[in-house]
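Working notes, structure below.
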Amino acid sequence: MEQCKQYKSKIEDILKRSDLSTITTKSVRRGLEAELGISLSDIKKEINQYIEELFLEFEERRQAKERLTVKQNDIKIEPGNKVTKKVKTTTTTVKKQAASKKKEPKERKPIDWPLLKVTPPLSDIIKTELCSRPQTVKKMWEYIREHKLQSESDKRIINCDDKFKQLSGEDTITAFSMNKYTQKYFIPIPKEEQPKYKEILRQQEEASSIKTEA
């Protein structure tokens, strides 16, 4: 495993630019081999295990970041409660502020992922019949954590409940492999019909939000 750690940054770069809803250990390993210009077949088992570990860490960080973003968006600042702090302005301060502004990265526009129709048992797990692939992965992880399906001894292992057994046909699956079991439960929606179904989903989410608040 120590030999694999030298490839950590490259593996993480591959994960960052990949679609996590369709990625596999094989595709990551092949991508790594292509970048390195070498074969990793001699340590195939070890590198696959290390890729799975990094994937789980990457997914947990992403989920934590999303939860933090949601929490921050829920914080409301009431009028009149704004706290201001006087800061002594100097030439150095102005220069630092200007430099800071220059370093600010451009805001990325969110990707408009196409919707898919979702059929049971996957739709029972994610609680919707319309979803994009990335949102499906997110909702599956929410279900896994809500029902505490991750193995205590190895977080990469998912202990399947009845719904996950229907999905995979297995008693246990890995966090990395669960995406391959979802593919046959997706039905593509034609591009020209996407706006209609996105509006349907928006209305469903709005109705669900109102129901939850009530």
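- Pairs of residues two or more places apart, or lying in two chains, that qualify as ring pair (Phe, Tyr, Trp, His ring centres under 6.0 Å) and include a residue from residues 4-57 are F55-F176.
- Residue Q3 qualifies as open at atom CD: its count of foreign heavy atoms under 6.0 Å is 12 or below.
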Next item on the list: Walk me through it: do R61 and E12 pass the test salt bridge (Lys or Arg N to Asp or Glu O under 4.0 Å)?
Entry: CA-CA 12 Å; R61 287 199 303 268; E12 288 181 332; 3.7 Å; yes
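- Residue W113 is not grouped with residue Y197 when hydrophobic side chains (ILVMFWY) are merged at heavy-atom distances under 4.5 angstrom, including chains of intermediate members.
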**Asked** Are E205 and R202 close enough, and set up right, to give a salt bridge (Lys or Arg N to Asp or Glu O under 4.0 Å), and what steps lead you there?
**Response** CA-CA 5 Å; E205 291 177 339; R202 187 192 67 77; over 6 Å; no
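- Nearest heavy atom pair, residue Y185 against residue P121, reads CE2-CD, 3.4 Å.
- Here the side chains of E206 and Q203 are not in contact, with every heavy-atom distance at 4.5 Å or above.
- L40 is connected to I51 through a chain of hydrophobic side-chain contacts under 4.5 Å among Ile, Leu, Val, Met, Phe, Trp and Tyr, so both are in one cluster.
- Nearest approach of K44 to I47, heavy atoms of both residues: O-CG2, 3.2 Å.
- More than 12 non-hydrogen atoms from other residues, nucleotides or ligands lie less than 6.0 angstrom from NZ of K155.
- For E152, the CD atom sits in a loose shell: 12 or fewer heavy atoms of surrounding residues, nucleotides or ligands are nearer than 6.0 Å.
- At distances below 3.5 Å, not a single donor-acceptor pair connects side-chain atoms of E35 with backbone N or O atoms of G31.
- Residues M140 and L167 are in side-chain contact: their nearest non-hydrogen atoms beyond the backbone lie under 4.5 Å apart.
- Side-chain atoms of Q204 and E129, non-hydrogen and from C-beta on, never get closer than 4.5 Å to each other.
- Across all their heavy atoms, I126 and C131 have their closest contact at CD1-CB, 4.0 Å.
- Two different hydrophobic clusters hold I157 and L149 under the rule that ILVMFWY side chains link at heavy-atom gaps under 4.5 Å.
- Taking the side chain as every heavy atom from C-beta outward, T24 and K180 never approach each other to under 4.5 Å.
- A 4.5 Å side-chain heavy-atom check between L130 and K117 finds at least one atom pair inside the cut-off.
- Within the 4.5 Å cutoff, no side-chain heavy atoms of K198 are placed close to those of L201.
- When all heavy atoms of T119 and I187 are compared, the closest pair comes out as CG2-CD1, 3.7 Å.
- Contacts classified as side-chain hydrogen bond (donor to acceptor under 3.5 Å, both in side chains) and involving residues 164-178 (residues at least two apart or in different chains) are given here: T174-S177.
- Nearest heavy atoms, L32 versus I14: N-CD1, 3.5 Å.
- To the nearest 0.5 Å, atom CD1 of residue I11 and atom OG1 of residue T25 are 11.0 Å apart.
- For the pair L115 and S132, the tightest heavy-atom approach, listed with the atom from each and the gap, is CD2-N, 3.8 Å.
- I125 contributes atom CD1, which lies 7.0 Å from atom CG of D161 (distance to the nearest 0.5 angstrom).
- For the atom pair NZ of K127 and CD of E142, the computed distance is 9.0 Å after rounding to the nearest 0.5 Å.
- Between the side chains of D124 and Y143, not a single donor N or O lies within less than 3.5 Å of an accepting N or O.
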- Evaluate the criterion side-chain contact (heavy atoms from CB on, under 4.5 Å) for residue pair H147 and F164; output intermediate values, then yes/no. CA-CA 11 Å; H147 293 83; F164 262 84; over 6 Å; no
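- In the hydrophobic clustering of ILVMFWY residues, with side-chain heavy atoms under 4.5 Å counting as a link, I38 and V28 come out together.
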>> What verdict does the side-chain contact (heavy atoms from CB on, under 4.5 Å) test give for T128 and V118, after you've listed the backbone C-alpha separation in whole Å, the side-chain angles of each residue and the deciding distance to 0.1 Å?
In response: CA-CA 7 Å; T128 180; V118 189; 5.6 Å; no
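- Atoms CD and CG, from Q183 and L116 in turn, are 9.0 Å apart once rounded to the nearest 0.5 Å.
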Q.
I189 vs Q194, test: side-chain contact (heavy atoms from CB on, under 4.5 Å). Steps then yes/no.
A. CA-CA 7 Å; I189 296 174; Q194 286 288 324; 3.4 Å; yes
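- To the nearest 0.5 Å, the span separating CG on N179 from CZ on R133 amounts to 9.5 Å.
- Atom CG in N48 sits 4.5 Å away from atom CZ in R29 (nearest 0.5 Å).
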*Could you walk me through whether L56 and Q150 pass side-chain contact (heavy atoms from CB on, under 4.5 Å), step by step?*
CA-CA 11 Å; L56 185 59; Q150 282 181 285; 3.8 Å; yes
